[in-house]
There are 2 protein chains.
Amino acid sequence: MTISDQISSIDTSPRHPIRLVANRTGLTVDLIRAWERRYQVVDPARSDTQRRLYSDYDIERLRLIRLAKQGGHRLVNIARMPLDALRDALSEDIHFSSHHDNGEVQRPERPSLLQIDARAQTIDAMLFAIQAMDQHRFDQLLQQGMVRESLPSFLEEILAPLLQELGNATRSGSMRIAHEHMATAHLRTFLGALRYRESFTGIEPKVVITTPTGQFHELGALMAAALVSVDGWLPVYLGPNTPADEIAASAVQCSARAVCLSLTYPADDPRIPTELTRLKSQLAQNIPLFVGGSAVAAHSALISRLGIKSPASFREFREELRKLRDDQLETNS
Amino acid sequence: MTISDQISSIDTSPRHPIRLVANRTGLTVDLIRAWERRYQVVDPARSDTQRRLYSDYDIERLRLIRLAKQGGHRLVNIARMPLDALRDALSEDIHFSSHHDNGEVQRPERPSLLQIDARAQTIDAMLFAIQAMDQHRFDQLLQQGMVRESLPSFLEEILAPLLQELGNATRSGSMRIAHEHMATAHLRTFLGALRYRESFTGIEPKVVITTPTGQFHELGALMAAALVSVDGWLPVYLGPNTPADEIAASAVQCSARAVCLSLTYPADDPRIPTELTRLKSQLAQNIPLFVGGSAVAAHSALISRLGIKSPASFREFREELRKLRDDQLETNS
DNA sequence: AATATCTGGACAAAAGTGAGACAAAGTAGC
DNA sequence: GCTACTTTGTCTCACTTTTGTCCAGATATT
C-alpha cells in the first residue's frame, strides 16, 4: 500500500469474510483463494479460527485486478500492484482494449442453420408469450436469450427481428395493441437494465444517446446504449424526444465524444431535418453524430450532406466507435 | 440501540409474538431464537409468562440482518450492530450485488424531524446528481433510498417529492430539459426493475395498470405497479397511452381483479372523460377501476359519478386493494 | 384439547481451510 | 502450424467452523 493509497483513504481494517468479497468482486471464492496462494494477490488477516478477513482496500484491489485481467494482463504482472498502479494500468487498457477484444466483430461468424433455427424458435416463443400476456414467461425467454448469445448478437439477431415481427403483427391486426404495448413496456424495462453493467471505472469515454423531437420510440436508442456499454463506453441516455439544443448542451456538459440518435417513427416527420441540421451545427467539429433506425433511409440525402454518420449495422457502428476512440488516443498522446 | 435510532421514529415498544416476527422477516422461529441465543442478535422483552415480545425496531433489524447475511456478512460481525450501521453496511453491498430479494414490510411510520430532514437531504442530493448528469451517483442514491425505507414510503416520501421538484425546476427553467429527460429515463428503468423482484408463485391476483390514451407519462403507473407487487398482487403493466378498449380486453384476458390508471399530464385532455366512461362501461361490475395522479382533481365529478375509485394516498390505495382481496377470498371459500 | 412457545441440547448441512489434481486456454519456440 | 510449456479457473478430499433445523419435555395460550 503506497502513500497515495493512504491519502485516498480506503479502509484497510480487516473485517470482511471471503463470501462477501466474492459477492462484491464477482470472483468465486475458490478463485480468490487460488490467487492468494499462487501470486499473493492479497494477504488477508485471519480471525482467531483461521477465517480470512479482508479490508475494503483488498476488495477494491481484487475488483481492479479482475478488470485488468479481463483487459488481457497477466496475473503475475499485476498481482502485487498497489491500487494506484492498477488504476493507471487500467486506464490505458480502456483505450487499447479495442484492438484485442475482437469478440465477434472482426470475425463475423457465420451462424449455422441450427443456430438460426434456434433463434427463430426463441422469437416465436416470445411472440407466443406476449399474446398470452405472460410477462413472466416473456422475461424468462429474454434472460435465456441473453445467456445464449453475446449481447450484440442478441440485440441484432433476436430483439431487432422480434420488434419487426411485433410491428408487423400489430399493423396487420393479428396482435392486439394491448399486447404490443405490454411487450414494449417490458422491453423498455429489460433494455434499461442492460445498460449499466458491473465494470464501471469512471474513466470511460461518454456518448450521448437519445431520439430527437417528435420521435417517441426509444427502444432503438436503448439498444444502442446497451451496445456501446459492452465496448467500454459510458452511455449518457437522455430518453426520447429531446430537442436539438438540449442534446448539444448535454454533450458539452458531460464532455461526450460522440452523439447518437435513433430515428424510427414517424419517418416523415418534418421536424427530423430541422432538428438534425440544428444539432449538427451546434456540435463541436470533433464530436461525430451517428444516426440509426428505420427512418434513416428517408433522409439519407440530408444525412450525407451534413456529414452525419449512419452505420448500416450494429457491427459497423461498433467499428466506427472503435476507430473514434483509437484516433482520440493518438491525438492525446 | 443508538441515539439516532431512538430518534428515528421506529417504534420500540415490545408487542409482537415471535411467530409474527418470523412471518414478517422471512426467518424461521427456531432461527430467531438460535440467533438470540448464540449472538444476542436481539434481546426481546418478555411477557409475564416468559414469552418473547418484539418491537418494530427488532423486526426491522432482523430483516436487515437477514439481507446482510445474504450479502456475505458473518453473523458474528453484524449481530450487535444498531439499525443505522446495518443500513450503511447494506447500502455498500447494494452498490455491487445486482440482485437481492426484498422481504416486504408494512410499518406505519411516524416520521420525526430528523427523518424528514434526512429525506430532504436525499432528495437534494438526487437533484444535484441530476444537474451534474451523474447517472451513476443518481442510481446509487436511489438504491440507498430503497434500503433505508420500505418500498411504499420510499415511493411516497422520496420519489413522489422528487418528481414534484423535478417538474417545478424544469418549469421554472432552473433545470434544463435535458436533465429532466435524463432523470425521467433513469427513473423509468429503475421503477421498471422494481416491479418483478418479488417472488412469483403464479397464484397472485392480477391488476392491470396503465395510462389512458393521451397520457404519456408513465412513472406514476410504474410506481403503482411496484406498490401493488409488495402486497402480493401481480401487476400487468401495459405501458402508457392505452386505448380504453384495449385495457378492458386485457383485463378480461388475464382475468384481472382490478384496473388501475394513472392520470397526470395534460390534466385537461378532452380524451380523459371519454376514455374513462368507455372503459368503465366495458369493465365487468366486479372489477373496480382505480385512478390516481395529479390530474384526478380535474375530473372528480365524473369520477365519482361513474363509481371510479380514487384513493387519496398510496396507503388508502393499498387499503382498498387489501379489502378487495379479502372480499374475494371470502366469496371463494 | 389442540396449538404455540420456552429452554437446552443434539445433529446435520453449509461454508471455510489447505493441499493438490486436472483440463482448457494461452504462449513460446521451432 | 505444431508440439511443449505455462497460466489459470475449477474441482476434489479430508478436516474444522459456522449456521440452520429438529427434538423433548415443560409451560402457556386459545
Side-chain angles (χ1 to χ4, degrees), chain A residues 14-54 58-59 62-81 93 96-97 99-104 107, chain B residues 14-55 58-59 62-81 97 101 103:
Chain A
R15 47 211 177 87
H16 306 298
I18 196 167
R19 169 52 47 91
L20 183 140
V21 180
N23 283 346
R24 287 198 188 174
T25 57
L27 300 165
T28 66
V29 174
D30 274 329
L31 198 48
I32 296 172
R33 275 196 296 257
W35 284 3
E36 176 189 335
R37 189 176 44 193
R38 293 174 183 155
Y39 313 102
Q40 295 83 48
V41 168
V42 280
D43 179 21
R46 298 300 183 115
S47 77
D48 41 7
T49 56
Q50 283 298 100
R51 292 325 200 230
R52 289 173 173 78
L53 294 176
Y54 297 85
D58 292 329
I59 293 179
L62 283 167
R63 216 172 63 85
L64 292 180
I65 286 178
R66 175 169 152 258
L67 291 176
K69 251 225 71 194
Q70 208 174 355
H73 282 273
R74 287 293 183 81
L75 220 27
V76 216
N77 301 324
I78 52 175
R80 318 265 202 142
M81 278 190 185
D93 276 6
F96 283 108
S97 65
H99 297 294
H100 306 296
D101 89 56
N102 50 5
E104 69 281 71
R107 168 167 30 93
Chain B
R15 43 212 172 88
H16 310 295
I18 196 166
R19 180 72 230 192
L20 186 146
V21 180
N23 286 339
R24 289 222 185 148
T25 57
L27 301 165
T28 66
V29 173
D30 273 327
L31 197 48
I32 296 171
R33 277 195 293 256
W35 283 3
E36 176 188 333
R37 187 170 64 220
R38 294 190 247 221
Y39 311 101
Q40 295 83 49
V41 168
V42 280
D43 180 20
R46 299 298 184 114
S47 75
D48 40 6
T49 58
Q50 285 298 96
R51 296 290 132 109
R52 289 173 175 80
L53 294 176
Y54 296 86
S55 64
D58 292 328
I59 294 180
L62 285 167
R63 204 184 63 115
L64 292 179
I65 285 178
R66 179 170 145 252
L67 288 178
K69 257 224 75 194
Q70 198 181 303
H73 287 273
R74 282 187 309 173
L75 225 24
V76 221
N77 298 325
I78 51 175
R80 317 267 203 138
M81 277 191 184
S97 70
D101 81 321

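Residue numbers start from 1 in every chain, and the chains themselves are labelled A, B, ... in the order their sequence lines are given, proteins ahead of strands.
Contact annotation: A/R74 side-chain N/O to D/dT7 OP1/OP2 distance is not under 4.0 Å. Using a 4.0 Å cut-off, no side-chain N or O of A/K69 falls inside it from OP1 or OP2 of D/dT7.
Within the 4.0 angstrom heavy-atom criterion, base atoms lie near B/R33.
The CD1 atom of B/I32 sits 13 Å away from the P atom of C/dT7 (whole-angstrom rounding). As a whole-Å value, the separation of A/I65 CD1 from D/dG9 C1' is 16 Å. Between the CD atom of B/E36 and the P atom of D/dT21 there is a distance of 17 Å, rounded to whole Å. A straight line from CD1 of B/I18 to P of C/dA4 spans 13 Å, rounded to a whole angstrom.
When all heavy atoms of A/R66 and A/L27 are compared, the closest pair comes out as CD-CD2, 3.5 Å. When every heavy atom of B/L62 is checked against every heavy atom of B/T25, the shortest pair comes out as CB-CG2, 3.8 Å. Listed here is the closest heavy atom pair of A/L20 and B/H73: CD1-NE2, 3.2 Å.
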Sequence neighbours excluded and cut-off under 3.5 Å, please list the side-chain donor-acceptor pairs for residues 28-36 of chain A, or say none.
unit_1 : atom_1 : unit_2 : atom_2 : d
A/T28  : OG1    : A/L31  : N      : 3.1
A/D30  : OD1    : A/R33  : NH2    : 3.4
A/E36  : OE1    : A/R52  : NE     : 2.7

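A heavy atom closer than 4.0 Å to some atom of DNA chain C occurs in B/R46, B/Q50, B/R51, B/R52, these being the qualifying members of residues 42-54 of chain B.
For B/L20 and A/V29, each mapped to the nucleotide of DNA chain C holding its nearest heavy atom, the one lying further toward the 5' end belongs to B/L20.
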Set out, line by line, the N/O atom pairs under 3.5 Å between protein and nucleotides 10-15 of chain D.
unit_1 : atom_1 : unit_2 : atom_2 : d
D/dT10 : O4     : A/R38  : NH2    : 3.3

